[in-house]
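Lettering of chains follows the sequences in order, A, B, ..., and the numbering in each one begins at 1.
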Number of protein chains: 2
Amino acid sequence: MNDTMSLVDPPAGSRKRDAEATRAAILEAAKAQFALLGYDCTVLRDIAREAGVDVALVKRYFGGKEALFLAALKASFGTDDVRGWDRATFPHEVATVLAGSPHIDEARTHRFQFLLRAATSPTTAPLLNVLVQDRLLGPIREWLGGAGAGARARILAATYIGFLVERLIRGAPLLGREREEYLTRVTAIFTALITEGDEPT
Amino acid sequence: MNDTMSLVDPPAGSRKRDAEATRAAILEAAKAQFALLGYDCTVLRDIAREAGVDVALVKRYFGGKEALFLAALKASFGTDDVRGWDRATFPHEVATVLAGSPHIDEARTHRFQFLLRAATSPTTAPLLNVLVQDRLLGPIREWLGGAGAGARARILAATYIGFLVERLIRGAPLLGREREEYLTRVTAIFTALITEGDEPT
DNA sequence: GACCCAAGTCAATGATCGTTGACATGGCTG
DNA sequence: CAGCCATGTCAACGATCATTGACTTGGGTC
């Protein structure tokens with residue numbers, strides 16, 4: 001933001017006294033930890049350590065654990081990259097990632113992972129309702145367009161998360177014939193969701 | 001089990017000194033609590049209270065929280081009601097439940113709910129691998145039969161759980177046109193999964 | 001009826017973690 | 001250079017919770 005700040009953060013390792021930077025560092029660490037472990041298993045001290053700051057600063061900058069979580073949640077759902085998705089390649093791409101690509105497509109799965117963890121913690125689940133509607137389901141619905149976009153958006157998000165859970169449970173990566181069938185089926189499901197309904201009844 | 005036990009449990013409210021019964025009561029309460037709140041948010045004292053016993057008995061009968069969780073997990077996935085599912089009605093039935101029936105179909109969703117909560121807690125996720133394979137994916141695979149049953153079973157379980165998460169997030173029940181579209185689409189997905197592949201490539 | 005073991009009760013311990021407020025310090029203003 | 005405020009550090013508190021071991025009680029056995 002401020003162009004008077006020192007160029008390339010100095011030696012790294014130790015920030016100079018920069019409120020903006022530490023706040024950002026905490027938020028970034030929080031996003032990662034909350035998405036990885038969920039609200040309840042995440043420890044503020046770990047976030048602080050990963051951000052390279054003292055725990056007490058979490059309170060100073062965010063007020064507390066729950067407020068920090070909310071901030072992280074909003075930050076994760078802030079940039080709506082949904083518009084960037086490509087209709088043509090989306091289904092197969094997603095299927096490939098879910099089938100178990102060597103590297104997880106962080107950028108895309110991250111917000112869904114966060115959502116999953118947030119939804120499955122009794123503490124944080126109540127906070128999601130509106131946010132998800134506005135920042136995720138809404139954009140997806142627009143991206144989909146056409147008849148019944150609302151329901152299709154729901155189903156898209158739901159299935160995506162379901163496959164995420166399945167991948168969490170699954171130990172070994174899918175191989176051979178099973179992988180093929182998996183790819184075909186999952187691709188088909190997402191393709192169907194992207195295309196408008198055939199018989200609007 | 002034992003036909004010499006007193007008929008209809010006495011006045012209820014207070015069990016007589018019956019190891020079997022208290023053990024069973026603890027296990028039942030544990031199944032409910034763990035499925036509802038997940039491992040981390042579940043408090044042993046609550047389980048004990050709900051079971052009408054002292055907390056210390058949890059240790060006596062199960063050894064500890066983690067062991068109790070494992071027992072509850074196995075108990076939940078013990079009876080394989082999968083065989084009882086009806087191919088003809090299954091897709092629409094499930095879709096209706098997921099769309100938001102007034103009463104949750106406890107019997108059917110319970111084990112999936114348990115699975116979801118277990119999978120999304122970093123503490124318990126590692127315990128699932130084999131169990132899910134043997135007690136859930138296996139039976140479903142057999143129930144499905146045909147080509148690519150393995151992959152189809154995975155997808156079935158995954159989507160089911162995904163819809164469960166979606167229902168967790170969703171506040172108000174689906175209504176009108178959106179509900180219709182939702183029902184149609186979800187039914188279609190499950191129907192497709194039940195029917196064998198069309199082009200085995 | 002006395003005895004003994006299983007079943008159940010109770011209080012305390014120790015660890016974890018969020019939160020808090022007092023204190024130190026760096027860097028900019030005057 | 002002196003002073004002040006924002007920034008950062010530290011130690012401790014208080015709550016929660018699983019775990020533990022000593023203690024009590026019931027009921028079947030000899």
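Note: CD1 (A:Ile26) to P (D:dG8) measures 8 Å, nearest angstrom. Taking atom CZ of B:Arg49 as the reference point, atom P of C:dT9 lies 15 Å away to the nearest angstrom. When the P atom of D:dT19 is taken as reference, atom CD of B:Glu66 falls 9 Å away, rounded to whole Å. What separates CD1 of B:Ile47 from P of D:dT19 is a distance of 11 Å, to the nearest Å. Between the OH atom of B:Tyr39 and the C1' atom of D:dA18 there is a distance of 9 Å, rounded to whole Å. Taking atom CG of residue B:Asp54 and atom P of nucleotide D:dC23, one finds them 17 Å apart after rounding to whole Å. Atom pair B:Asp18:CG and C:dA7:C1' shows a separation of 10 Å (rounding to whole Å applied). The distance between atom CG of B:Leu57 and atom P of D:dA18, rounded to the nearest whole Å, is 15 Å.
B:Thr22 has a side-chain polar atom (N or O) that falls below the 4.0 Å cut-off from OP1 or OP2 of C:dG8. Taking only side-chain nitrogens and oxygens, B:Lys59 comes nearer than 4.0 Å to OP1 or OP2 of D:dT20.
Salt-bridge check for A:Lys31 with A:Glu28: passed, with a basic side-chain N closer than 4.0 Å to an acidic carboxylate O. Using a 4.0 Å cut-off between charged side-chain N and carboxylate O, A:Glu196 and A:Arg152 make no salt bridge.
Comparing C:dA7, C:dT19, D:dG8 by their closest approach to the side chain of B:Tyr61 singles out C:dA7. Set against D:dT7, D:dT19, C:dG8, the side chain of B:Lys65 has D:dT19 as its closest nucleotide. Closest to the side chain of B:Ala56, from the set D:dT20, C:dG8, D:dT9, is D:dT20. Among C:dC17, C:dT9, D:dA18, the nucleotide with an atom closest to any side-chain atom of B:Val43 is D:dA18.
Among the heavy atoms of the strands lying under 4.0 Å from A:Leu44 are primed sugar atoms or P, OP1, OP2 only; no base atom is included.
A:Tyr39 and A:Gln33 share no side-chain donor-acceptor pair at under 3.5 Å.
Residues satisfying the side-chain hydrogen bond (donor to acceptor under 3.5 Å, both in side chains) test with B:Asp54, not counting sequence neighbours, are none.
In this structure, the ring of B:Phe77 has its center no less than 6.0 angstrom from the ring center of B:Phe112.
For A:Arg45 and B:Val55, each mapped to the nucleotide of DNA chain C holding its nearest heavy atom, the one lying further toward the 5' end belongs to B:Val55.
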